[in-house]
**Student:** 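Okay, here's the structure, questions in a sec.
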Amino acid sequence: MTVNPLEMFKSRAIELVNNALASLDLNVELPLEIPPENMGDYAFPCFMLSKEMKKSPADIAKQLSQEIPEDLTFSRIEARGPYINFYINPEMLVQITIESIMDKREEYGMWPQTDVKINLEHTSANPNGPLHVGRARNPILGDTIARILRKCGHDVITEFYVDDMGKQQVTLTWGVENLTREGEIPEKMDHAMVWYYQEATKQMEENPDVLEQINQIVAKYEEKDEEISARVKENCKKVLSGMTTSLRRLDIHFDNFAWESKYIFNGSVDTVVEDLKNHEFTDYEDSALYLDLEKVGITGQENKLYLTRSDGSSLYTTRDIAYHLDKLANYDLAIDILGEDHKLKAKVVQLAVGLLGHEKEKIEPLFYSFVSLPEGKMSTRKGRVVTLDDLIDESVGRAREEVEKRRPELAQELRRGIAEAVGTGAIRYNIIRVQAEKQIVFKWEEALSFEGNSAPFVQYSHARASSILRKTSVMGEYELKLIKHPSEIQLVKALASFPALIKECGKNMECHPMAGYAFELASLFNQFYRDCPVLQAEEDVMNARLALVTVSRYVMSNVLDTLGLIAPEEM
RNA sequence: GGGCGCGUGGCCUAGCUAGGAUAUGGCGACAGCCUCCUAAGCUGUAUAUCGAGGGUUCGAAUCCCUCCGCGUCCGCCA
């Protein structure tokens, strides 16, 4: 049984065109296209033959189409203007697609296991306070890409790189150890801990003594003081627990946490410095080692990237290089989900890894632009943030109101579950539906939109399909020839294209087409739902349609899973 | 100053990697559809000099050049 139901049709179309070209002694690249609506499923444009044949593209299309024999795979092959259009034989497509999905069920869309081991690093936010909406784009993108790559058959582990070495984390620890928080303390650890960080930062800025104390801890820490490391790590873990709690609500989990300090303490950072210091592209300035960016082709105002301070201690980028070497030692591919502010740093890390004789192509950074508020950039310092927890609570709350209004008859527990699915789903979907490079301006009314191009729209179609199936006890033998209504065929075509889309998204490492597909599929299901009554149909038609509903539900469920959304049975 | 990304109807957005047939869809607006499997749904109407200008091409939203706007980076911070 084929993984991709469309494969046969496409390769057959190519074959037919190739044969026709050969019979006319022509040889060109085949840019098979997908034509606009109502003009078939594949199209072969004849413009490029025009010069060679000294004829109009329309005439060529006509001539060429006469060389193409009738074929079972296509119900129609015809010249139309400068194109030859291929119309897939719907009966055959229905047969292949529905049988394939019935056979694979929740596995449909998944590709055979590869032996590619991927480390996918995402989120990696400094653990000094709760995640805000701006940062949330990272885990949502990362988790979705991970899901897509797994369905492509790869072995993916997700990883959070914990920055436990920076001054920020020492500041937090100083705060926890020296300050007493009055009043009510939030229960969630990230919200509880951020106060110490903010207050300590304030005191550090106002009081030179505090700054001195913190600097001393930082200095000792960098000399590999195990005891300080343990104290800092403990506080990091507390904040992390809060972050992961929030992310768990969005069904985002980490397989592993990589601690930055590890690379200092195990000596791998020293090795990196040792290996780079004799390189022709590096040099010293006041005994601080730097990489000469001009020599590696990066220009800017400042061309030196420092790898150590003049006291020999390491810098963030150096540790990041050590970290990536570690990844390459254990994985075939290291994917980093990064904000666009990290572009240069990522490039430098890649370059350095290359200079050290490793395959820098195995590091693949994926960048996204920031989420800002209508009044400007999100800033914890200026108190201009929407935390992820606020957003989730608000979204689930709004979803709850909607369920109460729409489905008051449902059990309370069920309504609660639906609200959670819809509320959290809407957030994920809203972030994922636009391409990562676009800036997003966060607007509540858009984030909380439950209509149109949104998660609930897709979830609703799944619920409708589930509802139909729930109402039938038995599905008898079905005759797929009875699937022939245009709305049914359109739906089947969408179902058939799912595996190819998974692969495409994996190859390009992008998720927004998956959201677009989810919407398209749900929309086509809704049109089918409108045009083709299932339970009221004649028994044989009903059985065939039940089969279509069954496979549609599998695919919708698989798509929702790919996007990390819950597929509700009712809503 | 230099690098990278983005710019598509009032708002949001697809298409750009591999140039092709009337530029995708959503929100909002307006007009309709619940004696019929869930109306978080469906149908219809209006709204686009694809940032601007040039170039390549039979053909440009898509490729090239210039310019403009927005974001982002160019720390012995992380």
Side-chain angles (χ1 to χ4, degrees), chain A residues 29 31 33 35-37 39 43 45-48 50-51 56-57 80-83 85 126 163 165-169 260 285-290 293 298-313 315-317 319-320 339-345 347 367-370 372 377 399 402-403 405-407 418 422 426 433-441 443 445-446 449-461 463-472 507-508 512-513 516 519-520 522-523 526-527 529-537 542 545 549 570-571:
Chain A
E29 279 278 320
E33 295 172 11
E37 225 172 315
M39 292 192 237
C46 299
F47 304 95
M48 69 289 281
S50 168
K51 248 183 199 152
S56 79
R80 175 159 171 176
Y83 294 89
N85 292 339
N126 288 343
D163 168 24
M165 279 304 296
K167 190 172 182 173
Q168 296 191 33
Q169 297 318 123
E260 187 181 359
E285 181 180 284
D286 303 332
S287 66
L289 181 68
Y290 68 87
L293 293 179
I298 299 174
T299 51
Q301 282 176 336
E302 181 58 66
N303 294 320
K304 295 183 179 114
L305 179 98
Y306 287 91
L307 296 162
T308 70
R309 300 188 179 91
S310 14
D311 65 4
S313 62
L315 290 157
Y316 176 83
T317 311
R319 297 170 217 142
D320 212 14
E340 61 172 336
D341 55 334
H342 281 70
K343 277 184 182 173
L344 180 59
K345 275 150 270 185
K347 196 170 178 184
F367 301 104
Y368 62 90
S369 296
F370 292 124
S372 60
K377 234 178 119 174
E402 291 297 317
V403 202
K405 205 160 59 193
R406 293 166 199 264
R407 306 299 303 277
I418 293 167
V422 167
R433 57 178 252 269
V434 308
Q435 51 173 264
E437 304 81 44
K438 288 222 186 200
Q439 297 153 218
I440 294 181
V441 178
K443 295 187 187 110
E445 66 269 28
E446 278 173 22
S449 156
F450 296 157
E451 281 162 20
N453 191 358
S454 68
F457 181 96
V458 183
Q459 292 170 316
Y460 183 69
S461 296
R464 276 181 152 181
S466 305
S467 169
I468 293 175
L469 298 175
R470 207 183 311 121
K471 289 184 172 145
T472 62
K507 195 184 90 193
N508 298 336
H512 70 276
F519 179 66
E520 171 83 18
S523 179
N526 287 337
Q527 286 164 46
Y529 186 93
R530 174 200 64 205
D531 294 333
C532 306
V534 178
L535 301 176
Q536 282 96 333
M542 177 179 80
R545 287 182 177 167
V549 174
E570 287 188 71
M571 61 182 275

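Throughout, protein chains are lettered first and strands after them, A, B, ... in sequence-line order, and every chain is numbered starting at 1.
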**Student:** Is A:S310 reaching over with its side chain to a backbone N or O of A:S287, donor-acceptor style, under 3.5 angstrom?
**Tutor:**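 Not at all, since once roles are kept as given, no pair shorter than 3.5 Å links the two residues.
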**Student:** List in chain and number order the residues that pass side-chain contact (heavy atoms from CB on, under 4.5 Å) with A:K405, two or more places apart in sequence or in another chain; answer none if no residue qualifies.
**Tutor:**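 Applying side-chain contact (heavy atoms from CB on, under 4.5 Å) to A:K405 gives A:E402.
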**Student:** Starting at atom NZ of A:K377, determine the distance to atom P of B:C70, rounded to an integer number of angstrom.
**Tutor:**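 My rounded result for the distance is 16 Å.
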**Student:** Any idea which heavy atoms bring A:P45 and A:A43 closest together, and the distance?
**Tutor:**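 A:P45 and A:A43 have their closest heavy atoms at CD-O, 3.7 Å.
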**Student:** Please tell me which of the listed nucleotides, B:A21, B:U72, B:A78, lies nearest to the side chain of A:P35?
**Tutor:**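 Nearest to the side chain of A:P35 among the choices is B:A21.
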**Student:** Shorter than 3.5 Å, N or O on both sides, protein versus nucleotides 57-64 of chain B: list them out with atom names.
**Tutor:**
unit_1 : atom_1 : unit_2 : atom_2 : d
B:C58  : OP1    : A:K51  : NZ     : 3.4

**Student:** Within the modelled atom types, does a donor on one side and an acceptor on the other bring the side chain of A:S310 and the base of B:C76 under 3.5 Å apart?
**Tutor:**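 Looking at the base of B:C76, it does pair with a donor or acceptor on the side chain of A:S310 (distance under 3.5 Å).
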**Student:** Record whether the side chain of A:D286 comes under 3.5 Å of the base of B:C76 through a donor-acceptor pair of N or O atoms.
**Tutor:**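 Indeed, a donor on one side and an acceptor on the other fall under 3.5 Å apart.
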**Student:** Looking at every heavy atom in both A:R545 and A:P533, which two are closest together, and how far apart are they?
**Tutor:**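 It is NH1-O, 2.8 Å.
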**Student:** Considering only B:A78, B:A21, B:C42, which nucleotide approaches the side chain of A:R309 most closely?
**Tutor:**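 Of all the options, the side chain of A:R309 is nearest to B:A78.
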**Student:** Ignoring the backbone of A:E437, work out which of B:A39, B:A78, B:C6 is nearest its side chain.
**Tutor:**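 Ranking B:A39, B:A78, B:C6 by closest atom to the A:E437 side chain puts B:C6 first.
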**Student:** Could you tell me how far B:U62 sits from B:U57 if I compare only their P atoms? Round to whole Å.
**Tutor:**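 Approximately 16 Å lies between the P atom of B:U57 and that of B:U62.
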**Student:** Who passes ring pair (Phe, Tyr, Trp, His ring centres under 6.0 Å) against A:F370, sequence neighbours left out?
**Tutor:**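 Testing A:F370 for ring pair (Phe, Tyr, Trp, His ring centres under 6.0 Å), a comparison that skips the adjacent residues, returns none.
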**Student:** Taking B:C50 as the reference, what is the distance to B:C63 when you measure between their C1' atoms (whole Å, please)?
**Tutor:**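 The same atom, C1', in both gives a distance of 16 Å.
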**Student:** Looking at B:A40, B:G5, B:C77, which one has an atom nearest to any side-chain atom of A:L315?
**Tutor:**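 Output: B:C77.
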**Student:** Sub-3.5 Å donor-acceptor pair from the side chain of A:D286 to the main-chain atoms of A:A288, do we have one?
**Tutor:**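 Looks like no, no N/O pair under 3.5 Å.
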**Student:** Please check the phosphate of B:A78 (OP1 and OP2 only) for any side-chain N or O of A:N126 closer than 4.0 Å.
**Tutor:**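 Looking at the OP1 and OP2 atoms of B:A78, neither is under 4.0 Å from any side-chain N or O of A:N126.
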**Student:** Quick one: classify the glycosidic conformation of B:C30 as syn or anti, with syn meaning within 90° of 0.
**Tutor:**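 Anti.
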**Student:** Return no unless some side-chain N or O of A:K343 is found under 4.0 Å from OP1 or OP2 of B:C74.
**Tutor:**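 Answer is no, no contact under 4.0 Å.
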**Student:** Can a donor-acceptor pair be found, under 3.5 Å and without considering hydrogens, that links the side chain of A:D163 to the backbone of A:M165?
**Tutor:**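 Confirmed, A:D163 side chain pairs with A:M165 backbone.
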**Student:** With a 4.0 Å cut-off on heavy atoms, is A:P36 in touch with a base, just the backbone sugar-phosphate, or nothing at all?
**Tutor:**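 A:P36: base contact, heavy atoms under 4.0 Å.
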**Student:** For A:E285, answer base if it contacts any base atom (sugar-phosphate contacts may also be present), sugar-phosphate if it contacts only those atoms, and nothing otherwise; contact means non-hydrogen atoms under 4.0 Å.
**Tutor:**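 If one applies the 4.0 Å heavy-atom cut-off, A:E285 turns out to touch a base.
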**Student:** Where are the stems of RNA chain B, defined as at least 3 consecutive Watson-Crick or wobble G-U pairs with both distances under 3.5 Å?
**Tutor:**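 Counting only runs of 3 or more consecutive pairs, the stems involving RNA chain B are B:1-7 with B:68-74, B:10-12 with B:25-27, B:29-33 with B:41-45, B:51-55 with B:63-67.
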**Student:** Could you run down the sub-3.5 Å N/O contacts of the protein with nucleotides 13-16 of chain B?
**Tutor:**
unit_1 : atom_1 : unit_2 : atom_2 : d
B:A14  : OP1    : A:Q435 : N      : 3.2
B:A14  : OP1    : A:Q435 : NE2    : 3.3
B:A14  : OP2    : A:K438 : NZ     : 2.9
B:G15  : OP1    : A:H512 : NE2    : 3.2
B:G15  : OP2    : A:Q435 : NE2    : 3.2

**Student:** Mind checking the P distance from B:G15 to B:A21? Whole angstroms is fine.
**Tutor:**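 The answer is 16 Å between these two P atoms.
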**Student:** Heavy atoms from C-beta onward define the side chain here; which of B:C74, B:C42, B:G28 lies closest to that of A:E451?
**Tutor:**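 The answer is B:G28.
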**Student:** Do A:K345 and A:D320 come within less than 4.5 Å of each other through their side chains, counting heavy atoms only?
**Tutor:**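 Answer no - side chains too far apart.
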**Student:** Restricting to side-chain contact (heavy atoms from CB on, under 4.5 Å), what partner residues turn up for A:A465, sequence neighbours left out?
**Tutor:**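 A:A465 satisfies side-chain contact (heavy atoms from CB on, under 4.5 Å) with A:F525, A:V549, A:R553, A:M556 once adjacent residues are dropped.
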**Student:** At 4.0 Å (heavy atoms only), tell me whether A:V422 reaches a base, stays on the sugar-phosphate, or touches nothing.
**Tutor:**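 Base, at least one base atom sits under 4.0 Å.
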**Student:** Which of the following nucleotides, B:A40, B:C6, B:A78, is nearest to the side chain of A:Q168?
**Tutor:**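 Given the options B:A40, B:C6, B:A78, the side chain of A:Q168 is closest to B:A78.
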**Student:** Select from A:R406 and A:P45 the residue whose nearest nucleotide in RNA chain B is closer to the 5' end of that strand.
**Tutor:**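 Closest to the 5' end, via its nearest nucleotide, is A:P45.
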**Student:** In whole Å, measure the gap between the P atoms of B:G55 and B:C16 for me.
**Tutor:**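 It works out to 26 Å between them.
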**Student:** Is it the case that the side chains of A:S449 and A:E445 hold a donor-acceptor pair, with the cut-off being a distance below 3.5 Å and no angle test?
**Tutor:**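 Looking only at side-chain atoms, A:S449 and A:E445 do not form any donor-acceptor pair under 3.5 Å.
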**Student:** Looking across every strand, which nucleic acid part, if any, lies under 4.0 Å from A:K347 by heavy atom: base, sugar-phosphate, or nothing?
**Tutor:**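 The answer is nothing, as A:K347 stays clear of every strand by at least 4.0 Å.
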**Student:** Kindly indicate whether the side chain of A:D320 and the base of B:A78 share any N or O donor-acceptor pair separated by less than 3.5 Å?
**Tutor:**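 When only heavy-atom distances are counted, A:D320 does not reach the base of B:A78 through any donor-acceptor pair under 3.5 Å.
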**Student:** When you compare B:A14 with B:A48, how far apart are their C1' atoms, in angstrom units rounded to a whole number?
**Tutor:**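 Taking atom C1' in both B:A14 and B:A48, they lie 14 Å apart.
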**Student:** Between B:U45 and B:C37, how far apart are the P atoms? Round to whole Å, please.
**Tutor:**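 Comparing P positions in B:C37 and B:U45 gives a spacing of 27 Å.
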**Student:** For a quick check of understanding: with a heavy-atom distance under 4.0 Å over all strands, which category does A:R545 fall into, base, sugar-phosphate or nothing?
**Tutor:**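 The residue A:R545 makes no contact with any strand.
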**Student:** With sequence neighbours left out, write down each residue that passes ring pair (Phe, Tyr, Trp, His ring centres under 6.0 Å) with A:Y306, or none if nothing qualifies.
**Tutor:**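 With sequence neighbours excluded, A:Y306 shows a ring pair (Phe, Tyr, Trp, His ring centres under 6.0 Å) to A:Y290, given in chain and number order.
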**Student:** Counting the atoms with a prime plus P, OP1 and OP2 as sugar-phosphate, which does A:E570 contact under 4.0 Å by heavy atoms, base, sugar-phosphate, or nothing?
**Tutor:**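 Since a base atom lies under 4.0 Å of A:E570, the category is base.
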**Student:** Using atom C1' in both nucleotides, what's the gap between B:G9 and B:C27 to the nearest angstrom?
**Tutor:**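 Rounded to whole Å, the distance is 12 Å.
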**Student:** Mind checking A:E33 for me? I need base, sugar-phosphate or nothing, with any heavy atom below 4.0 Å counting as a touch.
**Tutor:**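 Since a base atom lies under 4.0 Å of A:E33, the category is base.
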**Student:** Given 3.5 Å as the limit, does a donor-acceptor pair link the side chain of A:S50 with the main chain of A:P57, or not?
**Tutor:**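 Here the side-chain-to-backbone pair does not exist.
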**Student:** Select base, sugar-phosphate, or nothing to describe what A:M165 touches, counting heavy atoms under 4.0 Å on all strands.
**Tutor:**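 Nothing, no heavy atom under 4.0 Å.
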**Student:** Across the strands shown, which category fits A:E340 at heavy-atom distances under 4.0 angstrom: base, sugar-phosphate, nothing?
**Tutor:**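 Counting heavy atoms under 4.0 Å across all strands, the contact made by A:E340 includes a base.
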**Student:** Given B:U72, B:A21, B:C42, identify the nucleotide with an atom nearest to the side chain of A:D341.
**Tutor:**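 The nucleotide sitting nearest to the side chain is B:U72.
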**Student:** Residues in side-chain contact (heavy atoms from CB on, under 4.5 Å) with A:S372, at least two apart?
**Tutor:**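 Listed in chain order: A:V441.
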**Student:** Have a look at A:F370 and say if it touches a base, only the backbone sugar-phosphate, or nothing, with a 4.0 Å heavy-atom cut-off.
**Tutor:**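 Sugar-phosphate contact only.
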**Student:** For A:F47, which residues count as a ring pair (Phe, Tyr, Trp, His ring centres under 6.0 Å) partner, sequence neighbours excluded?
**Tutor:**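 A:F47: ring pair (Phe, Tyr, Trp, His ring centres under 6.0 Å) contacts with A:Y83.
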**Student:** Please enumerate all residues that pass ring pair (Phe, Tyr, Trp, His ring centres under 6.0 Å) together with A:F457, with sequence neighbours excluded.
**Tutor:**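 Applying ring pair (Phe, Tyr, Trp, His ring centres under 6.0 Å) to A:F457 gives A:F519.
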**Student:** Counting any heavy atom closer than 4.0 Å, what does A:A399 reach on the DNA or RNA strands: base, sugar-phosphate only, or nothing?
**Tutor:**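 Nothing, no heavy atom under 4.0 Å.
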**Student:** Checking all strands, does A:V403 fall into the base, sugar-phosphate, or nothing category for heavy-atom contacts under 4.0 angstrom?
**Tutor:**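 Touches a base.
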**Student:** If you draw a 6.0 Å radius around NZ in A:K347, do more than 12 non-hydrogen atoms from other residues or ligands fall strictly inside?
**Tutor:**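 Incorrect, the count does not exceed 12.
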**Student:** Residues two or more places apart in sequence or in another chain: which of them pass side-chain contact (heavy atoms from CB on, under 4.5 Å) with A:V403?
**Tutor:**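 With neighbours one apart ignored, the set is A:R407, A:R415, A:I418, A:A419.
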**Student:** Pick out the pairs of N or O atoms, protein on one side and nucleotides 29-37 of chain B on the other, that lie under 3.5 Å.
**Tutor:**
unit_1 : atom_1 : unit_2 : atom_2 : d
B:C36  : O2'    : A:Q536 : NE2    : 3.0
B:C37  : O3'    : A:K471 : NZ     : 2.9
B:C37  : O2     : A:V534 : N      : 3.2
B:C37  : O2     : A:L535 : N      : 2.9
B:C37  : N3     : A:V534 : N      : 3.0
B:C37  : N4     : A:Y529 : O      : 2.2
B:C37  : N4     : A:C532 : O      : 3.2

